[in-house]
Amino acid sequence: MRVLVTGGAGFIGSHIVAALKDRGHDPVVLDALLPAAHPGTPPLPDAQFIRADVRDAEAVRAALRGVDAVCHQAAMVGLGKDFADAPDYVGCNDLGTAVLLAEMAAAGVGALVLAGSMVVYGEGRYTCGRHGTVRPAPRRTEDLTAGRFEPLCPDCGAELVPGLVGEDAPTDPRNVYATTKLAQEHLAASWARCVEGRAVSLRYHNVYGPGMPRDTPYAGVASFFRSALARGEAPRVYEDGAQRRDFVHVADVAAANAVALEAVAAGQAGALVAYNTGSGEPHTVGEMAAELASAHGGPAPVVTGEFRLGDVRHITADSARLREELGWRPVVGFAEGMTEFARAGQRESAGAIG
């Protein structure tokens, strides 16, 4: 199968390209090598490479020739620096997706796997002892400043118990990046209905592993901590470190993409099917920082009490549907993955390309 991988020179995309080649497929990479993701020349994938922006309709049209399916990874990621980043997020993520889908429709390419995200849910699933499952309101600056990090029941103000989110949970994006990821899903669903295509959105959890970018405000928390350790600095853990996340290894995410691509190419998906894609082993951010620092040899993390508006407190999702319907299983455990990541290289600047 010939697969166009947008963003295929990036952190996750490059691992997907390798996974596809291992399974006998023929990946084609389209990547703009934007400075926010690539301050210098990254190692280019062992595949046909097209340097172009996914918003360039002519370049996308040429890249789609002979393609059977598309794996859409090209996007700005992370929470960003502040709201001034909003136009860039919308332009890269939503306009880029719209251009890609329009060209897929014209070319008759009817199979898509989208890099989704668990951020579309906003806060995770919470249960109140009195009111059952509830959805807390966004956290307030005055509460966070005072160190009151846990969301409370919107009905009675009681403490809540966090749980796992299923794909049928309501979406509630709480920052610009999350909003663009949900818009990408809506665009993909509209495309699939219009052209009778097949689409899967893999809602990634916190992906980490070898080759993560370093020293960038657009990377995830694992990259922040690993970058600090590489500089000989202590990882700075926001809030109290008790935020719950699901850290999933990039090799497992790449395998999920390969399995999903084979499924959509075989007609095993509808207008849009979303799958949570996580390890199934929630850990706190503090636990992750401590495990990573220990494996690296220190220094130990520092819990700062700092916070970022737009961050959610707990988000861990149930990935059983992906396991049951597509047969995917994560294979890299938390301790094993963090030990590897602590010693692995990160993407560094290597000069400009012509």
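- Considering OG1 of Thr180 and OH of Tyr89, their distance stands at 8.0 Å, rounded to 0.5 Å.
- Two residues are said to be in side-chain contact when any heavy atoms from C-beta on lie closer than 4.5 Å; Met288 and Phe334 meet this criterion.
- For Ala293 against Pro301, the heavy-atom pair with the smallest separation is CB-CD, 3.8 Å.
- Residues His249 and Glu340 have side chains that bring a donor and an acceptor to within less than 3.5 angstrom of each other.
- Here the CG atom belonging to Leu160 is positioned 6.5 Å from the CG atom belonging to Leu152, to the nearest 0.5 angstrom.
- Inter-residue side-chain proximity for Pro27 and Pro45 is flagged as unmet; no heavy-atom pair is nearer than 4.5 Å.
- Counting non-hydrogen atoms of other residues, nucleotides and ligands closer than 6.0 Å to CD of Glu142 gives a total above 12.
- Taken to the nearest 0.5 Å, the CD atom of Glu324 stands 11.0 Å off from the OG atom of Ser319.
- The CG atom of Asp246 sits 14.0 Å away from the OH atom of Tyr204 when rounded to the nearest 0.5 Å.
- Shown are Leu4, Val99, Thr6; of these, the side-chain contact (heavy atoms from CB on, under 4.5 Å) with Val54 is made only by Thr6.
- Note that CG of Leu95 is 6.5 Å distant from CZ of Arg55, once rounded to the nearest 0.5 Å.
- The closest side-chain heavy-atom distance from Gln73 to Asn257 is below 4.5 Å.
- Here the shortest heavy-atom pairing between Glu281 and His283 reads O-CD2, 3.0 Å.
- Between His72 and Thr97, the side chains place a donor N or O and an acceptor N or O closer than 3.5 Å (distance only, hydrogens not considered).
- Here the closest non-hydrogen pair linking Gln243 and Tyr238 is NE2-O, 3.1 Å.
- Counting non-hydrogen atoms of other residues, nucleotides and ligands closer than 6.0 Å to CD of Glu306 gives a total above 12.
- Side chains of Tyr121 and Asn276: a donor on one and an acceptor on the other come within 3.5 Å.
- Here the closest heavy-atom approach between residue Leu272 and residue Ser201 is recorded as CD1-N, 4.0 Å.
- The number of heavy atoms from other shown groups lying within 6.0 Å of CD (Glu233) is above 12.
- Atom CG of Asp46 is surrounded by 12 or fewer heavy atoms from other residues, nucleotides or ligands within 6.0 Å.
- Contact record, Arg2 with Arg65: NE-O, 3.8 Å, taken as the closest heavy-atom pair.
- Closest of all the heavy-atom pairs between Leu30 and Ala63 is CD1-CB, 3.7 Å.
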task: Before giving the answer on side-chain contact (heavy atoms from CB on, under 4.5 Å), spell out for Leu34 and Asp53 the whole-Å C-alpha distance, their side-chain angles and the decisive distance to 0.1 Å.
output: CA-CA 9 Å; Leu34 295 177; Asp53 196 301; 4.1 Å; yes
